[in-house]
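Here is how names work: the chains are called A, B, and so on, in the same order as the sequence lines, proteins then strands, and each is numbered from 1. These figures come from a predicted structure and were not determined experimentally.
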Amino acid sequence: MIKGLKKWRLFALMTALLVFLAGCGREEISTLLPAGEVAQDQFNLLILSTIVMAFVIIVVTIIYVLAIVKFRRSKIGEDVIPEQVEGSAKLEFLWTAIPIVLILILAVPTVYSTFDLADVSTMDVQAEDSDSMTNLTVNVTAKLYWWEFEYPEQGIVTAQELVVPTNERVYFNLISADVKHSFWIPSIGGKLDANPENVNTFYLTFDQESAELEDGVFYGKCAELCGPSHALMDFKVKSMDRESFDQWVAAMQEEATPAEGALAQEGEQIFGADGAGCIACHAVSGSGASGGVGPNVATFGDRNRVAELLRT
Amino acid sequence: MSSIAQKKGFGAAMWDYLTTVDHKKIAHLYLASGGIFFLIGGIEAMLIRIQLMKAGNDFLSAGTYNEVLTMHGTTMIFLAAMPILLAFMNAIMPLQIGARDVAFPFLNSLGFWLFFFGGVFLNLSWFLGGAPDAGWTNYASLAIASEGHGIDFYALGLTISGFGTLISGINFLVTIINMRAPGMTYMRMPLFTWTTFVASALILLAFPPLTVGVFFMVFDRMFGANFFDVTMGGNTIIWEHLFWIFGHPEVYILILPAFGIFSEIFAIFSRKRLFGYTALVFATILIGFYGFMVWAHHMFTVGLGPTANAVFALATMIIAVPTGVKIFNWLLTIWGGSISFTTPMMYAIGFIPSFVAGGVTGVMQAIAPLDYQLHDSYFIVAHFHYVIVGGVVLAILAATHLYWPKMFGTMLSEKLGKWTFWLFFIGFHLTFFIQHFLGLMGMPRRVYTFGADQGWDLFNAISSVGAVFMAAGVIILLVNVVMTSIKNERVGNDPWGDGRTLEWAIASPPPFYNFAQTPLVRGLDTFWIEKMEGNKEGMVYAEPLEEIHMPNGSFVPVVMSFGLFVASFGALYNMDGDKGWTIPVIIIGLAITFGSMLFRSLKDDLGFHISKEELMRDVKGGKSDGLK
């Protein structure tokens, strides 16, 4: 009985949480359910500014509602000529000074956070006890309409699927190979443009493992109109603990094993056929150079989603 | 207008409008063509909302969707909102300062026809191989890569209509500086005249950067210049800077006249002098000034670096102060007044919460790190629709009701007007409020479709329902206009009963020469002062009744603008490189334009005089000001 009640309470709690979450969107993509330090900072700014702005709205609303209720012509008489007030220096000072104070409240965290989020001083810093870097760097190249992720230190290239370790800063170098794009993982942090003429650099932190999510991945988006298929220019993010990430890196660095079985070999032959073969554009090995014509399909079999569709 | 037009027959009325240099008729032209473009832009908006009504909809293809969203933005900003505001500026501002007309009546007409042919040229792209598809911001890398002629229609069309707007801006500046009636000092000018003045100054300073940017674009596409070609050492960020150095002041070019309209409405329908007139004037000037210092807040995510982002974030926040001053002064204007809930006042009352909502989200986006999340998401779509629809469009609808009797001599139905208001107002909030949350839930803007697995279905469906309400409101407005024109009940000088400024001291519609005698202005709200002192004549006049010198109408502005229209087709198809007829078309077009300029320069046109007797007859017949 008590056990049943507990279950029921848990169920109610879960339902309430679910409704709340639905109002905030999906945790794979919503900025309202931050899953990284950067998104959390930005979410805090959202809450702070919402509180300040709610104060403004409340003050305006009170004066506004009182005014239109108290001073209707039907109430005060048809022929009344109101006093022609010129103004009030005191009031003008008041409603100049108070907004300035409110803006100062917002200005301090704004400036602090602007510099904080742009701080890339620990990028490309060599660790003391080994040859490797202290932080992971990913070179992102945006192309019509896909994303290429190069891990320069590890010598890995992937496409459409970004794999990152959790709980550490990951640095990104963004550039576009054609028109302007914008790199955005809403639940992890704000966007930064991938310009065709310069490399933009910033960092993100992934605090939640993507395996915990319903879909198993965070959703990334292109946020700058880049052509007809702009809406479809998505990518997926898998975040995992450092150990799993290292295993993934090691697996990617291995050369592809030869196909086994007649059907697989036939497939490999079609894929690699001279001239018309898929391999002309799509690389099948994770280790190699960046700059592919089409997305690298090295880990295709590991993806749980292909072009928005759940692979069944 | 309609009674005269009926007498003259359709052909003559048409010719009258084609050749008019009268600011009131040019206002009709701006209102009609701006109104038609508003309907076109509205249809495009409905197409967008139908497409996004549900996940994975295939009502529009991806390419068509991009064309529709580009043309929706471009049409609404350049061809609907601005021209309709120019209509009210033309119709009302010269009356408010007691001027005979604008300073350069011929240029006024030229400005309109340039805008008109530019707008038609831009919209013809739909039938000639596809509309522009790089968004109204037309970011360079995408625009240069765009195939077909859409972008060329955009660049050339905006160049032509931009000339028109620039000419109008200069014209209004000169008019307000030089042609104010005796006693109309700067600090006695009605707020709508003040905002027209500041907006015109912004036009003068903001349009050249756009022209430069568009010129670069035309040179890149026509002559293979490489301003924006990264592979040849060009830089696409330059376009973004040029566009937004224009684009941000452009927002204020739209919103300041809207503020002016609402300032008039609050004072009239509260029967009360504007609270803090001086503060309102200085807030207007400050907003115009700051408007040029904040353009990079549209580019926080471009990667300008933390110093630039922080500086522009703070500069942007400062704008909230003068805007807040305005809001509180309006509130204090209705406070202690006698509020009459007419249709224009309903819009003004509806404007305050709508615009405050748009304003506070603006401050939120000024917080640069937060903007990294909000930028280019549906949050920004919600924000700028709150300021542009909640501010500018509500002002346009309010002014349509407020000034309709002054422009056409008959009142729009109040009953239908309130139906329009409620449908539009509810629809507007239904459509756009929820889009804030779509943005926060990760939905980027300018996407032609979205997957069912993103969790955005319900809110998009609600948003689309809201759009239907807005459309219904606009349809009722059209019905209202038609019914009112058929009924055609004439009204007197001051149909709202509480007019305060000079335009309400003259007949509705005013005679073509405006005030027979220039009025003497004795203070702020000069007509109100005369009314309160019981002046039966309406106004005190600064001069005896004398002959009036008027300009002749001219067909030359139409020809001049048409020449550029023709030449643009030549320039556009010349880019294909395989058509022999393009160079001759450019030459013919430019010959028409420069030929008509030469004709205008060489021909002496001294105008005509209206005799005293004619004026006396009008005054006795009740057609003039002073007597009803």
Please classify the contact between [X] and chain B as side chain, backbone, both or neither, with a heavy-atom cut-off of under 4.5 Å.
X      : answer
A/A231 : both
A/L117 : side chain
A/K70  : side chain
A/W184 : side chain
A/I76  : side chain
A/V59  : side chain
A/S88  : both
A/E83  : backbone
A/E197 : both
A/A39  : both
A/L91  : side chain

Lys/Arg-Asp/Glu bridge criterion (N-O < 4.0 Å) met for B/D376, A/K221: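 Not counted as a salt bridge, because no side-chain N and carboxylate O are separated by less than 4.0 Å.
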Test item: side-chain donor near acceptor, A/E92 and B/N329, under 3.5 Å: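 On atom types as modelled, these side chains qualify, holding a pair under 3.5 Å.
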A/T114 and B/N309: side chain donor to acceptor below 3.5 Å: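 No, B/N309 and A/T114 have no side-chain donor paired with an acceptor closer than 3.5 Å.
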Heavy-atom pair count under 4.5 Å with chain B, highest-scoring of A/A118, A/G189, A/S187, A/S74: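 Top option by heavy-atom pairs under 4.5 Å: A/G189.
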Side chain B/K272, main chain A/V85, donor-acceptor under 3.5 Å: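 No, B/K272 side chain to A/V85 backbone: no donor-acceptor pair under 3.5 Å.
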